[in-house]
Peer 1: 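One structure is given below, represented as structure tokens, and several questions about it will come after.
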Amino acid sequence: MINVTLPDGSKREFADGASPLDVAESISKSLAKKALAARVNGELRDLKRPLDGDATVAIVTDKDADGLELIRHDAAHVLAQAVQALYPDTQVTIGPVIDDGFYYDFARKVPFSTDDFEKIEAKMREIVDADYPIVREVWEKDAAIAEFKRIGEDYKAQIIDDIIPPGEAITLYRQGDWFDLCRGPHLPSTGKLPKAFKLMKMAGAYWRGDSKNEMLQRMYGTAWASEKDLKEHLHRLEEAEKRDHRKLGAQLDLFHLDGMAAAGSVFWHPNGFQIWRQIEAYMRRRLDVSGYQEIKTPQLMDSAQWEKSGHWGKYRENMFIVPDFIPEGDEGVEISVPEDAKLMALKPMNCPAHVEVFKSGQKSYRDLPLRLAEFGCCHRNEPHGAIHGIMRVRQFTQDDAHIFCREDQIVEESIRFCRLLESVYRDFGFEKIAVKLSTRPDVRAGDDATWDRAESGLKAAVDAAGLPCEFLPGEGAFYGPKLEFQLTDAIGRVWQCGTLQLDYVLPERLGAEYTASDGSKQRPVMLHRAILGSMERFIGILIEEFAGAFPMWLAPVQVVVAAISDDAAGQYADEVAAELRKAGLRVEVDRRNETINYKVREHSLAKVPVIAVVGAREAEERKLALRRLGSNGQQIISLDEALVSLADDALPPDLKRAR
RNA sequence: GCCGGCAUAGCUCAGCUGGUAGAGCACCUGAUUUGUAAUCAGGGGGUCACGGGUUCGAGUCCUGUUGCCGGCACCA
């Protein structure tokens, strides 16, 4: 007999060889019908796979996260089966579950087209209707390899050969006349797969994620427990697309991009740059009170400088190189660069220049920690396929700073930084911040004791700021561990923004030193850190986060004074605007010959936070009719009161706190 | 950089199997002076991304280039 413990703590007895399906049936017929798989002693297993002995069993249905994952995994298998049925010249490779769905990588000479999707989806539905039992089979490694080779699936054979240790068994899952290598578990039959799936897009992907390998064809799909969930998901995607910073950037006249004129560089328009200025001003205030000193360093530096820092050797291919010579003056004469022309490079980062500032003059231990900040404009020659809106560009401005300190100051400085970052992100409305701690790689500089201190110091800093943190073992730079702070855009793409990196190497390479209390020369440790990361990327994420409706303190135009008619009301509108501007607000007046309906609509679409409507009545009584973005009502308020309350609303969060 | 898709007015798009371009919005002008999400009328505006080819004739077909989009690779 087998003793089974259920999630509610109750116990039941079953005959030897019983499966989770038997358990489900003993509870209720409807549960057995809804059952997709089971958690047996915590491990996700096939419904019909017999229990090995006494166990705790929880039945998994499509209401569980596990169930949804199974559905997506099965959808991938059904997709592969459908594709091979329709296109026999296709080889299968891998097909994992991802957020909201799945993909499958196929190898086939002829490119698939999204036009094929309808046909493939129809075939997938056929496979569901056929309700093939999905059967688990255990194979010997070599036999499985031989079998996959026999049917021409070279990729599968290679996967087994590489991943499975010799002698170990593997599992195959068979549905109808089709089977795939898979760890499982799976649904009991294809008929259990809800038809709430949809193929989304085609993309290229390298075999094993290595650009030296051939490229496969990746088919992305989404799958859900019900038609309703699928619809909701597609609706969410549509909504998210409307928040795309590239779309809103054009609609709100914030910036434009021109791939011909300047690929990967942003043309900021007055509205967009107003947001930039507000963010920069805010950051300056935060840095000023946090003990940073702002500097400005050269855009172009001699290649010798980059050679010393080590960037020339390793990162040259991503740097913009400028020969230092005077070209021939005549128009039409082809420019030839003299062979002996010195080379200069646009800075891809600010660190070496900051070390130069540190090195100039003498530094004492009394000067440490020295925190040098710069809104540093950097250029990186990014691969063309990497450029994305204003999130990944070739010219960008980092809110960069380097903290030069003694080793025993690292933890304290890291804590201060994490607290500052957390507070800044909260001011911008970000509650959820993903933090990644990348730890020592196999090949590294420095002894283990130093790494121990550095890693635990960073962890302590994250904890002190109250942030959750995920470890990325072995992902650190060779010179030190690093923290990455990530934010997510409208459609769920993750972007690195803030960072904190420990560096013992660059001060050494560039010969930075300070005089210690005993008179000896010592090396400072360098902390590279950025909070926003890049102004461009951060503003891009803000646009998507707020869907263009910026909080008042960031809004390019905070108030539009809209006159109902252009007579006395028009003059009063000018007067109101002047008063509001005196109170420090960014104001525009709309005295155009248009209806008030038209003006309200236009400024609402432009996402102006406050529309102050003034007509004859308001002019007469020296009042304003305030309409706030997102509300239909209006608030009639005296001009004097409005001046105070709007100025208060427009205060940046740090100044609000200090008030 | 790689795979696939796309490129028509400032924007969003239409333009059938080849017969030298069209709508809405925006813009300009006029009328209207308006009470909380589009007042009416008129007008101007396009080397159909760029280069080559096929054809009597190319926005449409072929080809090369560039750029953009979706992924992959990269992201100090």
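Chain naming here is simple, since letters A, B, ... match the order of the sequence lines and numbering starts at 1 in each. What you see is a predicted model, and the numbers here were worked out from it, not measured in a lab.
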Peer 1: Among A76(B), A37(B), G35(B), find the nucleotide with the atom closest to the side chain of S604(A).
Peer 2: A37(B)
Peer 1: Given Q305(A), which partner from the list M344(A), K347(A), E356(A) fulfils the side-chain contact (heavy atoms from CB on, under 4.5 Å) test?
Peer 2: E356(A)
Peer 1: For atom C1', what is the distance between U55(B) and C68(B), given to the nearest Å?
Peer 2: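 Between the two C1' atoms, the distance is 31 Å.
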Peer 1: Tell me which nucleotide among C3(B), U33(B), G67(B) gets nearest to the side chain of D567(A).
Peer 2: U33(B)
Peer 1: How far does CD of E484(A) sit from CG of L437(A), to the nearest 0.5 angstrom?
Peer 2: 10.0 Å
Peer 1: For the aromatic rings, using the six-membered ring if either is Trp, is the centroid distance between H269(A) and F255(A) under 6.0 Å?
Peer 2: no
Peer 1: Under 4.0 Å, heavy atoms only, any strand: does Y220(A) hit a base, just the sugar-phosphate, or nothing?
Peer 2: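 The answer is sugar-phosphate, as Y220(A) gets under 4.0 Å only of primed atoms, P, OP1 or OP2.
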Peer 1: Which nucleotide, if any, forms a Watson-Crick or G-U wobble pair with G35(B), using both distances under 3.5 Å?
Peer 2: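 Per the H-bond distance test, none.
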Peer 1: Considering only the C1' atoms, how many Å lie between C75(B) and C61(B), rounded to the nearest integer?
Peer 2: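 Between the two C1' atoms, the distance is 41 Å.
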Peer 1: Between C28(B) and G35(B), how far is it from one C1' atom to the other, in whole Å?
Peer 2: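 C28(B) and G35(B) have their C1' atoms separated by 28 Å.
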Peer 1: Looking only at the side chain of V600(A) (C-beta and beyond, no hydrogens), which of the listed nucleotides A37(B), G35(B), C74(B) gets closest?
Peer 2: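 Shortest atom-to-atom distance from the side chain points to A37(B).
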Peer 1: At under 4.0 Å between heavy atoms, what does E602(A) touch on the DNA or RNA strands: base, sugar-phosphate, or nothing?
Peer 2: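 The answer is nothing, as E602(A) stays clear of every strand by at least 4.0 Å.
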Peer 1: Find the distance I98(A):CD1 to G70(B):P and express it as a whole number of Å.
Peer 2: 15 Å
Peer 1: Does H388(A) reach a base, just sugar-phosphate, or nothing at all? Heavy atoms under 4.0 Å.
Peer 2: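 Sugar-phosphate contact only.
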Peer 1: For A203(A), answer base if it contacts any base atom (sugar-phosphate contacts may also be present), sugar-phosphate if it contacts only those atoms, and nothing otherwise; contact means non-hydrogen atoms under 4.0 Å.
Peer 2: base
Peer 1: Taking OP1 and OP2 of C69(B), is either one under 4.0 Å from a side-chain nitrogen or oxygen of R246(A)?
Peer 2: yes
Peer 1: Report yes or no: do Q398(A) and N350(A) form a side-chain donor-acceptor pair below 3.5 Å?
Peer 2: yes
Peer 1: Identify whether any heavy atom of Y315(A) sits under 4.0 Å from a base atom; if not, whether one sits that close to sugar-phosphate; answer base, sugar-phosphate or nothing.
Peer 2: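 The residue Y315(A) makes base contact.
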Peer 1: With a non-hydrogen cut-off below 4.0 angstrom, is D566(A) in contact with a base, only sugar-phosphate, or nothing?
Peer 2: base
Peer 1: G385(A) or G615(A): which one's nearest nucleotide on RNA chain B is closer to the 5' end?
Peer 2: G385(A)
Peer 1: With both distances under 3.5 Å as the test, what is the Watson-Crick or G-U wobble partner of G1(B)?
Peer 2: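 G1(B) is paired, partner C72(B).
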Peer 1: G70(B) C1' sits how many Å from F112(A) CZ, rounded?
Peer 2: 18 Å
Peer 1: Return yes if the base of G71(B) and the side-chain atoms of Q217(A) contain a donor-acceptor N/O pair under 3.5 Å, otherwise no.
Peer 2: no
Peer 1: Using the C1' atom in both, what is the distance from U60(B) to U17(B), to the nearest Å?
Peer 2: 10 Å
Peer 1: Please state how far atom CG in D105(A) lies from atom C1' in C2(B), giving the value in whole angstrom units.
Peer 2: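 Answer to the nearest Å: 14 Å.
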Peer 1: Roughly, in whole Å, what's the span from CG in N381(A) to C1' in C75(B)?
Peer 2: 13 Å
Peer 1: How is E241(A) classified with respect to the nucleic acid when contacts are heavy atoms under 4.0 Å: base, sugar-phosphate, or nothing?
Peer 2: nothing
Peer 1: Less than 3.5 Å between a donor and an acceptor, one on the side chain of R627(A) and one on the base of A37(B), is that the case here?
Peer 2: yes
Peer 1: For G1(B) and H384(A) - does any side-chain N or O of the residue sit under 4.0 Å from the phosphate oxygens OP1/OP2?
Peer 2: yes
Peer 1: In whole Å, measure the gap between the C1' atoms of A9(B) and C25(B) for me.
Peer 2: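 The answer is 12 Å between these two C1' atoms.
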Peer 1: Counting only side-chain heavy atoms from C-beta out, which of G67(B), U39(B), U36(B) sits nearest to M260(A)?
Peer 2: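 Looking only at side-chain atoms, M260(A) lies closest to G67(B).
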Peer 1: With heavy-atom distances below 4.5 Å as the criterion, would you say the side chains of F396(A) and V266(A) are in contact?
Peer 2: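 No, every pair of side-chain atoms sits at 4.5 Å or beyond.
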Peer 1: Suppose we define a pair by two distances each less than 3.5 Å, Watson-Crick or G-U wobble; what does C27(B) pair with here?
Peer 2: G43(B)
Peer 1: Measuring from the side chain of R601(A) (C-beta onward, heavy atoms only), which nucleotide among G67(B), G35(B), A38(B) has the closest atom?
Peer 2: A38(B)
Peer 1: With sugar-phosphate meaning primed atoms plus P, OP1 and OP2, does P111(A) contact a base, only sugar-phosphate, or nothing at under 4.0 Å between heavy atoms?
Peer 2: sugar-phosphate
Peer 1: Between A23(B) and G44(B), how far apart are the P atoms? Round to whole Å, please.
Peer 2: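 Each nucleotide's P atom is 12 Å from the other's.
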Peer 1: Answer whether the closest heavy-atom distance between the side chains of I403(A) and M526(A) falls below 4.5 Å.
Peer 2: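 Sidechains of M526(A) and I403(A): no contact.
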Peer 1: How long is the line joining CD of E382(A) and P of A73(B), in whole Å?
Peer 2: 15 Å
Peer 1: Just call it for I564(A): base, sugar-phosphate, or nothing, with non-hydrogen atoms closer than 4.0 Å on any strand.
Peer 2: base
Peer 1: Tell me whether the OP1 or OP2 atom of G71(B) has a side-chain N or O from K201(A) closer than 4.0 Å.
Peer 2: yes
Peer 1: Reading RNA chain B from 5' onward, which residue's closest nucleotide shows up sooner: D244(A) or V613(A)?
Peer 2: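 Nearest nucleotide further toward 5': that of V613(A).
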Peer 1: Given A76(B), C68(B), A37(B), identify the nucleotide with an atom nearest to the side chain of M349(A).
Peer 2: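 Shortest atom-to-atom distance from the side chain points to A76(B).
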Peer 1: Mind checking who G51(B) pairs with, Watson-Crick or G-U wobble, both distances under 3.5 Å?
Peer 2: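 Checking every strand shown, G51(B) finds its partner in U63(B), with both distances under 3.5 Å.
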Peer 1: Just by distance, do the side chain of R586(A) and the backbone of P556(A) share a donor-acceptor pair under 3.5 Å?
Peer 2: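 Yes, because the side chain of R586(A) sits within donor-acceptor range (under 3.5 Å) of the backbone of P556(A).
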Peer 1: For residues L234(A) and M200(A), determine if any side-chain heavy atom of one lies less than 4.5 Å from a side-chain heavy atom of the other.
Peer 2: yes
Peer 1: Assign G259(A) to base, sugar-phosphate, or nothing according to its heavy-atom contacts below 4.0 angstrom with the strands shown.
Peer 2: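 Sugar-phosphate only.
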Peer 1: What integer number of Å spans the P atoms of G4(B) and G43(B)?
Peer 2: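 Pairwise P distance, G4(B) against G43(B), rounds to 48 Å.
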Peer 1: For this output row, return yes or no: ring centroids of F112(A) and Y87(A) closer than 6.0 angstrom.
Peer 2: yes
Peer 1: Which part of the nucleic acid does A477(A) contact within heavy-atom distance under 4.0 Å: base, sugar-phosphate only, or nothing?
Peer 2: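 If one applies the 4.0 Å heavy-atom cut-off, A477(A) turns out to touch nothing in the nucleic acid.
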Peer 1: Rounded to the Å, how far apart are E317(A) CD and C74(B) P?
Peer 2: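 Spelled out: CD on E317(A) to P on C74(B) is 13 Å.
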Peer 1: Can you tell which of G1(B), U33(B), C75(B) lies closest to the side chain of P383(A)?
Peer 2: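 Side chain of P383(A) sits closest to G1(B).
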Peer 1: Using the C1' atom as the reference point in each nucleotide, state the distance between U54(B) and G46(B) in Å, no decimals.
Peer 2: 26 Å
Peer 1: From the list A26(B), U36(B), A76(B), which nucleotide is the closest neighbour of the side chain of Y598(A)?
Peer 2: A26(B)
Peer 1: Have a look at I611(A) and say if it touches a base, only the backbone sugar-phosphate, or nothing, with a 4.0 Å heavy-atom cut-off.
Peer 2: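 If one applies the 4.0 Å heavy-atom cut-off, I611(A) turns out to touch nothing in the nucleic acid.
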Peer 1: Taking only the side-chain heavy atoms of R493(A) (C-beta and beyond), determine which of G35(B), G70(B), A37(B) contains the nearest atom.
Peer 2: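 Among G35(B), G70(B), A37(B), the one nearest the side chain of R493(A) is G70(B).
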Peer 1: The side chain of R380(A) is closest to which nucleotide in this list: C74(B), G35(B), A76(B)?
Peer 2: A76(B)
Peer 1: Give A616(A) one of three labels, base, sugar-phosphate or nothing, depending on what nucleic acid heavy atoms sit under 4.0 Å from its own.
Peer 2: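 Here A616(A) touches the bases of the nucleic acid.
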Peer 1: Classify the side chain of R392(A) versus the base of C75(B) as yes if they form a donor-acceptor pair under 3.5 Å and no if they do not.
Peer 2: yes
Peer 1: Can you measure Q571(A) atom CD to U33(B) atom P for me and round it to whole angstrom units?
Peer 2: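 Rounding to the nearest Å, CD of Q571(A) and P of U33(B) are 18 Å apart.
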Peer 1: Using a 4.0 Å heavy-atom cut-off across all strands, classify S211(A) as base, sugar-phosphate, or nothing.
Peer 2: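 Since only primed, P, OP1 and OP2 atoms lie under 4.0 Å of S211(A), the category is sugar-phosphate.
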Peer 1: Would you kindly check whether a donor in the side chain of Y206(A) faces an acceptor in the base of G1(B), or vice versa, at under 3.5 angstrom?
Peer 2: yes
Peer 1: Using a distance-only test with no angle check, is there a side-chain donor-acceptor pair under 3.5 angstrom linking Y572(A) and E620(A)?
Peer 2: no
